[in-house]
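For this chain, numbers begin at 1 and follow the sequence in order. Fair warning: this is a prediction, and the values are worked out from it, not measured in the lab. Worth knowing before you read on, the calculation uses all heavy atoms, side chains too, and leaves out hydrogens, waters and symmetry mates.
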Amino acid sequence: MVEPRFLLLDEPASGLSEGDLDALSALLGQLKQRMGILLVEHHMDLVMSVCDRIVVLDFGEVIATGTPDEVKDNPAVTAAYLGEEVQPHPPRGPADESASHAGR
């Protein structure tokens, strides 16, 4: 217990303020110099700032592994966590309105 070789953390950032997140990030940065850390976390700023390797799961399936830069640029990660880009409908004008009423 005095000198662990590995630290397992499950959602340590839950409920933390921005100041506390900064302190946690700094602490994890120091600890990773002395031991391995397995971090399960949804707070992506924290993950990207402290992790050297990331494994991304989507409904229990691995969809990406790699460095923070590799993972953030992965289209599967973007689709799973940010969703697909939605294209807005073009604005409807008066001509559109009259055409939609013509068939009634």
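- Between Val77 and Lys72 the shortest side-chain heavy-atom distance does not fall below 4.5 Å.
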Can I get a per-line list of side-chain donor-acceptor pairs under 3.5 Å for residues 40-51, giving both atom names and the distance, sequence neighbours left out?
from: Glu41; atom 1: OE1; to: Ala13; atom 2: N; distance (Å): 3.0
from: Glu41; atom 1: OE2; to: His43; atom 2: N; distance (Å): 3.1
from: His42; atom 1: ND1; to: Glu11; atom 2: OE1; distance (Å): 3.4
from: His42; atom 1: ND1; to: Glu11; atom 2: OE2; distance (Å): 2.5
from: His43; atom 1: ND1; to: Leu46; atom 2: N; distance (Å): 3.4
from: Ser49; atom 1: OG; to: Ser25; atom 2: OG; distance (Å): 3.2
from: Ser49; atom 1: OG; to: Asp45; atom 2: O; distance (Å): 3.3
from: Ser49; atom 1: OG; to: Leu46; atom 2: O; distance (Å): 3.0

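- By the rule that hydrophobic residues join a cluster once side-chain heavy atoms approach within less than 4.5 Å of another member, Leu28 and Met35 end up as members of one cluster.
- Separating the CG atom in Asp73 from the OG1 atom in Thr78 is a distance of 7.5 Å, to the nearest 0.5 Å.
- Atom CG of residue Leu16 and atom CG of residue Asp22 lie 10.5 Å apart, to the nearest 0.5 angstrom.
- Put simply, NZ on Lys32 and CG on Leu7 are 13.0 Å apart, with the number rounded to the nearest 0.5 Å.
- Rounded to the nearest 0.5 angstrom, Leu9 CG and Leu24 CG are separated by 7.5 Å.
- Minimum interatomic distance between Leu38 and Phe6 (heavy atoms only, all atoms of both residues): CB-CE2, 3.7 Å.
- In this structure the side chain of Leu21 reaches within 4.5 angstrom of the side chain of Glu18, judged on heavy atoms.
- Separation of atoms CD1 (Ile63) and OH (Tyr81) is listed at 6.0 Å; rounding is to 0.5 Å.
- When all heavy atoms of Ile54 and Pro68 are compared, the pair lying nearest together is CD1-CA, 3.7 Å.
- The distance from atom CD of Glu61 to atom CG of Asp58, rounded to the nearest 0.5 Å, is 8.5 Å.
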